[in-house]
Amino acid sequence: MEIRRDYYLDKLVKRKNNGLIKIITGIRRCGKSFLLNTLFYHHLLESGVDAGHIIRFAFDSGDDLHLIGENLIQMERERRGVDPEKFMAYIRSRIMDDGMYYLLLDEIQMLDCFVSVLNGYLRKDNMDVYVTGSNARLLSKDIATEFAGRGDEVHMYPLSFAEFMSVYSGDKYMGLSEYMLYGGIPMVVLREGREEKAVALQNLFSEIYIRDITRRNKVKNIGELEDLLNILASSIGSLTNPEKLKNTFRSARKSRITSATIRKYLDYLEDSFLIDAAERYDIRGKAYIETPKKYYFSDLGLRNARIDFRQFEATHSMENVIYNELCMRGYSVDVGVVQIAERNQDGKVIRKQLEVDFVCNLGSSRYYIQSAYSLPDEAKRAQETRPFRKIDDSFKKIIITKDSIQPYYDEYGILTLSIYDFLLDPTIIEK
């Protein structure tokens with residue numbers, strides 16, 4: 001079964017022949033290769049491009065490497081990437097005329113000196129270059145610096161809920177429950193049976209993600225890295241920082257790991273797109289608060305597999321789903337803080353911090369969003385809306401709940417809607 005990824009395909013189509021290197025980033029197995037080598041490849045054929053003018057090459061494919069006289073095992077033994085001279089010689093052998101050639105290159109970070117190679121192809125008028133990569137630090141750094149404004153990034157996520165529902169046979173209520181448990185990694189979604197999905201996720205973690213991170217970053221104490229993942233997975237959406245995590249290690253695991261090492265590990269996990277950090281933003285003070293942060297998993301199935309599906313917290317899982325959806329739609333997402341001062345019963349002034357789950361910015365648009373699993377009564381609703389009523393600007397304020405309701409505005413202009421409407425209608429918060 002084929003899962004359409006039209007949202008990302010449209011992004012590539014709009015960037016065709018724009019003179020820039022199109023760079024598709026994202027966590028491993030989120031569908032980058034399928035997008036580039038199947039969906040976009042067929043788009044090119046259907047738009048009249050001759051197959052001989054489309055050159056596909058995957059740097060993690062043994063068969064493709066054999067074409068240029070390279071070997072994955074030998075490269076691993078020698079701790080090196082693909083020889084750029086061999087690759088460029090192969091590309092030269094494929095160029096037969098002055099017509100436009102489309103280079104679709106998978107896992108580009110495995111090619112040594114890839115920045116120089118790609119910059120060289122940019123100087124050729126008859127080459128349009130598309131690459132995928134699974135490492136944030138390597139690629140984002142080069143997009144910003146080495147490509148000197150000539151890199152065009154498309155960041156890809158695992159399946160959105162709407163994409164998931166396009167191949168799910170049940171209703172949206174059953175679908176969301178399964179989506180929050182097993183996530184949106186395409187190969188997992190297409191598996192039949194709960195046990196098969198769980199095994200696939202656990203295998204991905206051990207055979208792909210952990211191995212990739214530890215090899216790339218030369219991590220010696222793999223157990224510490226896995227313990228950190230377990231702690232983060234057990235506390236998604238909770239405020240934390242390296243110092244607090246260090247104390248958790250010492251109290252729960254009797255470990256002497258340093259906060260500097262934890263900070264380094266967090267960077268590795270973010271670079272691999274496994275987790276994402278949401279910074280805190282003082283809404284009234286209009287300034288960022290450096291620490292602590294909230295960490296979310298890019299895929300809830302991977303998060304649940306990390307803790308053997310033992311700890312399912314619907315409230316935090318829903319918050320994680322909303323965060324991922326907002327990021328996928330292109331919003332910059334922070335955790336909002338509203339500083340207030342109130343008098344207690346004794347007349348003393350007490351300073352408090354109220355939290356807004358998400359402050360979402362895109363261009364000149366801003367939205368304040370609260371994730372409320374349920375709104376059973378007015379007391380709970382008052383609790384969720386209280387931070388909104390302390391914000392003295394006119395940006396739209398929204399509560400998203402798992403309750404099955406029709407969207408409505410209250411007397412304060414606050415929009416309340418169900419998570420089903422939010423996830424299935426990408427324009428609903430703009431209406």
Side-chain angles (χ1 to χ4, degrees), residues 157 160-162 164 172-173 175-177 179-181 183-184 232-240 275-281 283 292-300 303-304 311-338 353-362 366-391 395-410 412 414-426 428-430:
Y157 291 85
S160 68
F161 181 61
F164 170 88
K172 63 185 179 182
Y173 306 105
L176 185 59
S177 295
Y179 182 71
M180 290 170 68
L181 188 60
L232 294 172
S234 297
S235 57
I236 52 171
S238 299
L239 290 168
T240 192
I275 64 170
D276 197 13
E279 297 189 52
R280 298 173 81 208
Y281 179 74
I283 295 172
K293 301 178 181 180
K294 285 190 176 185
Y295 290 92
Y296 296 99
F297 274 71
S298 62
D299 182 78
L300 273 174
R303 176 264 179 183
N304 293 327
Q311 181 185 337
F312 182 76
E313 297 164 334
T315 302
H316 291 149
S317 295
M318 185 175 116
E319 187 179 318
N320 202 140
V321 166
I322 294 171
Y323 176 84
N324 287 346
E325 182 71 21
L326 289 166
C327 291
M328 188 205 72
R329 294 179 186 179
Y331 291 98
S332 172
V333 185
D334 302 311
V335 176
V337 175
V338 183
Q353 289 186 346
L354 304 180
E355 184 174 292
V356 175
D357 288 329
F358 303 121
V359 180
C360 317
N361 294 288
L362 182 60
R366 171 178 289 186
Y367 301 94
Y368 300 116
I369 294 178
Q370 293 284 54
S371 170
Y373 188 78
S374 183
L375 296 172
D377 50 42
E378 281 304 314
K380 176 61 175 175
R381 182 172 179 81
Q383 176 187 331
E384 296 294 341
T385 59
R386 188 183 180 209
F388 287 163
R389 294 166 63 185
K390 300 293 183 180
I391 301 172
F395 291 115
K396 197 168 187 176
K397 300 166 181 68
I398 304 164
I399 298 175
I400 299 175
T401 176
K402 199 167 182 287
D403 298 335
S404 185
I405 59 169
Q406 291 296 316
Y408 70 91
Y409 287 90
D410 66 12
Y412 301 104
I414 297 169
L415 172 63
T416 302
L417 52 85
S418 78
I419 189 170
Y420 306 100
D421 290 333
F422 168 72
L423 294 175
L424 295 173
D425 183 354
I428 194 165
I429 65 173
E430 302 166 6

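We number each residue from 1, following the sequence as shown.
Residues Leu239 and Glu355 form a side-chain contact, since some pair of their non-hydrogen atoms from C-beta on lies under 4.5 Å apart. Two residues are said to be in side-chain contact when any heavy atoms from C-beta on lie closer than 4.5 Å; Leu423 and Ile419 meet this criterion. The shortest distance between side-chain heavy atoms of Leu326 and Phe422 falls below 4.5 Å. Here the side chains of Ile405 and Ser418 are in contact, with some heavy-atom distance below 4.5 Å. Counting heavy atoms from C-beta on, the side chains of Ile399 and Thr385 come closer than 4.5 Å. Two residues are said to be in side-chain contact when any heavy atoms from C-beta on lie closer than 4.5 Å; Ser235 and Thr240 fail this criterion. Looking only at side-chain heavy atoms (C-beta outward), Ile414 and Gln370 stay at 4.5 Å or farther from each other. Residues Asp276 and Ser298 are not in side-chain contact: their nearest non-hydrogen atoms beyond the backbone lie 4.5 Å or more apart.
Remark: the backbone N or O of Ala233 is paired with a side-chain donor or acceptor of Arg303 at under 3.5 angstrom. Using modelled atom types, no side-chain atom of Asp425 and backbone atom of Asp421 make a donor-acceptor pair closer than 3.5 Å. The backbone N or O of Ile429 lies less than 3.5 Å from a partner atom in the side chain of Lys396, making a donor-acceptor pair. For Asp299 (side chain) and Gly184 (main-chain N/O), a donor-acceptor pair under 3.5 Å exists by modelled atom type. In this structure, the side chain of Asn320 does not engage the main chain of Met180 through any donor-acceptor pair within 3.5 Å.
Atom CZ of Arg386 sits about 5.0 Å away from atom CG of Leu354, to the nearest 0.5 Å. To the nearest 0.5 Å, the span separating OG on Ser238 from NE2 on His316 amounts to 5.0 Å. Note that OG of Ser404 is 6.0 Å distant from NZ of Lys172, once rounded to the nearest 0.5 Å. In this structure, the separation between NZ on Lys390 and CD1 on Ile283 is 13.5 Å, given to the nearest 0.5 Å. With rounding to the nearest 0.5 Å, the separation of NZ in Lys293 from CG in Asp334 is 10.5 Å. Within the model, atoms CG of Asn361 and CZ of Arg366 stand 4.5 Å from one another, a figure rounded to the nearest 0.5 Å.
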Next on the checklist: Walk me through whether Phe297 and Leu232 qualify under side chain to side chain contact (heavy atoms under 4.5 Å, CB included).
Outcome noted: CA-CA 9 Å; Phe297 274 71; Leu232 294 172; 4.2 Å; yes

Next on the checklist: Assess the residue pair Thr416 and Thr401 against the criterion (side chain to side chain contact (heavy atoms under 4.5 Å, CB included)); give the C-alpha distance rounded to whole Å, side-chain angles, the decisive distance to 0.1 Å, and a yes or no.
Outcome noted: CA-CA 7 Å; Thr416 302; Thr401 176; 4.3 Å; yes

Checklist entry - How far apart are the C-alpha atoms of Asn324 and Leu300, what are their side-chain angles, what is the distance that settles it, and do they pass the side chain to side chain contact (heavy atoms under 4.5 Å, CB included) test? => result CA-CA 10 Å; Asn324 287 346; Leu300 273 174; 5.5 Å; no

Next on the checklist: Before you tell me yes or no, could you show the steps for Val356 and Ile369 under side chain to side chain contact (heavy atoms under 4.5 Å, CB included), namely the whole-Å CA-CA distance, both residues' side-chain angles and the distance that decides it to 0.1 Å?
Outcome noted: CA-CA 7 Å; Val356 175; Ile369 294 178; over 6 Å; no

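Judged as a ring pair (Phe, Tyr, Trp, His ring centres under 6.0 Å), and not counting sequence neighbours, the contacts of Phe161 are Tyr179.
Smallest separation of non-hydrogen atoms from Pro426 and Leu424: CD-O, 3.7 Å. Contact between Gly237 and Tyr296 at its shortest, heavy atoms only, is CA-CE2, 3.7 Å. Nearest approach of Gly175 to Phe164, heavy atoms of both residues: O-CE2, 3.4 Å. When all heavy atoms are compared, the tightest approach of Ala277 to Tyr295 is CB-CE2, 3.5 Å. Between Asn304 and Leu181, the shortest heavy-atom distance links the atoms ND2-O, 2.8 Å. The shortest non-hydrogen separation linking Val338 to Pro387 is CG2-O, 4.1 Å.
In the displayed structure, Glu430 atom CD is contacted under 6.0 Å by more than 12 heavy atoms of other residues, nucleotides or ligands.
Aromatic ring pairs are classed by plane angle as parallel below 30°, tilted from 30° to 60° and perpendicular above 60°; the pair Phe395 and Tyr368 is perpendicular. Note on ring orientation: taking the six-membered ring where Trp is involved, the planes of Tyr323 and Phe358 are tilted (angle from 30° to 60°).
Pairs passing the salt bridge (charged side-chain N to carboxylate O under 4.0 Å, His left out) check and including a residue from residues 397-409, sequence neighbours excluded, read Asp393-Lys397.
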